[in-house]
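Here is the structure we will look at, set down as structure tokens.
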Amino acid sequence: MANPSPQTEASTPPRHVAIIMDGNGRWAKARGLPRIAGHQRGAESVRRTVEAAGELGIDFLTLYAFSSENWKRPPAEVGDLMGLLRLYLRRELARLHQNDVRIRFIGDRDRLAKDIVDLIEEAEDTTRGNGGLTLVIALNYGAHAEILRATRALAEEVRAGRLASEDIDEDVFARQLHTTGVPDPDLVIRTSGEQRLSNFLLWQAAYAELVFMDTLWPDFTKDSLREAIHEFHRRERRYGAT
Ligand code: FPP
């Protein structure tokens with residue numbers, strides 16, 4: 001639905017929305033443009049969506065910017081994606097900070113270039129005290145790796161005698177994940193018509209509503225986000241009635 005009723009917007013927004021941004025390549029291909037053009041337009045959608053999320057009263061927005069599987073893409077495209085991320089962080093940090101946005105990164109930093117790790121740390125340190133929207137950027141993120149890392153850390157605690165295995169419950173486990181301190185997503189959106197989670201937030205999205213949209217990521221607007229939230233509320237109301 002393109003124009004959700006005012007009633008929808010008045011409902012409490014989902015606290016945490018996570019997005020698998022997909023379809024940049026197809027957007028470019030449909031226009032006879034190189035894939036980088038799709039990623040560039042995708043970065044503009046990121047800017048728009050962060051602004052829209054704040055305006056719609058969302059507290060946490062997680063964006064899947066680069067998966068651990070994305071390294072398999074041609075080196076030139078990996079370079080382009082990292083370049084866009086650099087540009088985004090350099091250009092947007094001051095404005096995001098001004099708008100009280102807190103930035104966090106999840107994913108494995110080991111394989112990232114030193115200057116990107118520096119930018120990530122700068123963004124996190126600068127915005128640590130902000131109380132508005134929390135923007136979580138998943139970069140070199142994979143849920144399997146995240147869960148294995150948490151398991152190893154807990155196994156080490158048990159081996160060292162600092163933790164009893166029977167004390168490992170969901171809270172103890174979740175505290176070892178990259179997302180510690182971030183509530184689980186209420187709504188996961190994937191654009192471009194694909195209907196998979198692709199190793200994204202597998203632990204955290206256990207109870208999330210999944211909304212798949214045909215819109216390609218570069219075409220995603222504030223109205224697209226409203227539409228997904230509308231669907232989220234529609235499902236909530238339906239379950240409430242049974
Ligand atoms: C999927 O499109 C999208 C990505 C691989 C990553 C998303 C990256 C951006 C939006 C650009 C920069 C990010 C930030 C945070 C500034 P695809 O290439 O898989 O599309 P396709 O499936 O149509 O080929």
Side-chain angles (χ1 to χ4, degrees), residues 17-54 58 60-97 99 101-109 111-113 115-124 127 133-143 178 188-201 212-222 224-225:
V17 176
I19 308 183
I20 303 174
M21 309 180 285
D22 198 4
N24 295 348
R26 275 161 285 166
W27 183 94
K29 194 172 175 202
R31 288 160 181 78
L33 296 170
R35 292 177 62 80
I36 175 71
H39 294 316
Q40 279 163 346
R41 292 295 286 258
E44 286 170 31
S45 292
V46 167
R47 211 170 293 135
R48 256 198 323 269
T49 304
V50 171
E51 205 174 297
I58 290 163
F60 294 84
L61 175 70
T62 298
L63 300 176
Y64 205 2
F66 193 89
S67 77
S68 41
E69 284 75 33
N70 283 154
W71 295 108
K72 293 180 197 143
R73 294 189 177 208
E77 186 173 346
V78 171
D80 286 342
L81 284 167
M82 291 296 162
L84 277 175
L85 196 89
R86 275 187 188 97
L87 211 63
Y88 179 80
L89 290 174
R90 289 203 189 109
R91 282 197 186 152
E92 297 294 307
L93 178 57
R95 205 173 57 90
L96 291 168
H97 184 40
N99 289 330
V101 174
R102 180 175 178 186
I103 308 177
R104 279 186 61 166
F105 285 83
I106 56 171
D108 192 347
R109 297 180 189 190
R111 207 172 158 182
L112 300 174
D115 71 306
I116 294 210
V117 176
D118 289 347
L119 282 169
I120 285 177
E121 287 173 357
E122 185 191 347
E124 288 185 332
T127 63
L133 172 77
T134 297
L135 170 63
V136 182
I137 300 180
L139 189 60
N140 192 23
Y141 173 86
H178 293 297
V188 175
I189 302 168
R190 183 170 188 152
T191 58
S192 89
E194 304 292 343
Q195 303 197 353
R196 289 185 300 279
L197 280 179
S198 298
N199 208 12
F200 185 50
L201 302 179
F212 301 106
M213 306 177 82
D214 287 336
T215 311
L216 301 175
W217 178 249
D219 292 326
F220 195 87
T221 61
K222 185 175 181 180
S224 317
L225 184 58

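Values below: every heavy atom of this structure, side chains too, minus hydrogens, waters and symmetry copies. Whatever order the structure lists them in is the order used to number ligands and atoms, beginning at 1.
Residue contacts with ligand 1, taken as heavy atom pairs separated by less than 4.0 Å, involve Arg35 solely via side-chain atoms from C-beta onward. Residue contacts with ligand 1 for Trp217 involve side-chain atoms from C-beta outward but no N, CA, C or O (heavy atoms, distance under 4.0 Å). The residue Glu69 has no part lying near ligand 1, judged by heavy-atom distances below 4.0 Å.
Under the 4.5 Å side-chain criterion, counting only non-hydrogen atoms from C-beta, Leu119 is in contact with Arg90. By the 4.5 Å heavy-atom criterion applied to side chains, Leu85 and Leu89 are counted as neighbours.
Taking atom 19 (O) of ligand 1 as the reference point, the nearest protein heavy-atom neighbour is Arg73 NH2, 2.8 Å. From the protein, the heavy atom lying nearest to atom 2 (O) of ligand 1 is Asn24 N, 3.3 Å. Among all non-hydrogen protein atoms, the one lying nearest atom 11 (C) of ligand 1 is His39 O, 3.8 Å. Of the protein's heavy atoms, Leu85 CD1, 3.8 Å lies nearest to atom 15 (C) of ligand 1. Scanning all protein heavy atoms for the shortest distance to atom 1 (C) of ligand 1 gives Met21 O, 3.2 Å.
Under the ring-ring contact (aromatic ring centres under 6.0 Å, His included) criterion, Trp217 pairs with Phe220, sequence neighbours left out.
For Asp22, a nitrogen or oxygen atom sits less than 3.5 Å from a nitrogen or oxygen atom of ligand 1, counting backbone and side chain alike. Of the polar atoms of Tyr64, none of the N or O atoms is found under 3.5 Å from an N or O of ligand 1, judged by distance alone. Between Gly25 and ligand 1, a contact under 3.5 Å exists for at least one N or O pair. Residue contacts with ligand 1: Asn70 is placed with no nitrogen or oxygen under 3.5 Å of a nitrogen or oxygen of the ligand (distance criterion only).
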Arg47 vs Glu44, salt bridge (Lys or Arg N to Asp or Glu O under 4.0 Å): CA-CA, chis, key distance, verdict: CA-CA 5 Å; Arg47 211 170 293 135; Glu44 286 170 31; 5.4 Å; no
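Here Glu51 does not pair with Arg48 in a salt bridge; the nearest charged N to carboxylate O distance is not below 4.0 Å. Ion pairing of Arg109 with Glu124 is present here, as a side-chain N (NZ or NE/NH1/NH2) and a carboxylate O approach within less than 4.0 Å.
Atoms of ligand 1 found under 4.0 Å from any heavy atom of Tyr88, numbered from 1 in the order shown, are 16 (C).
When each of Leu61, Val188, Thr62 is paired with Ile19, the side-chain contact (heavy atoms from CB on, under 4.5 Å) condition holds for Leu61 and for no other.
The closest heavy-atom contact to atom 8 (C) of ligand 1, among the options Ser67, Ala65, Gly42, comes from Ala65.
Under a 3.5 Å cut-off, the side chain of Asn70 and the backbone N or O of Ser67 do form a donor-acceptor pair.
Nearest heavy-atom pair across Arg190 and Ser198 is NH1-OG, 2.8 Å. Of all heavy-atom pairs between Trp71 and Leu112, the closest is CZ2-CD2, 4.1 Å.
Within the 4.0 Å heavy-atom shell around ligand 1 one finds Gly23.
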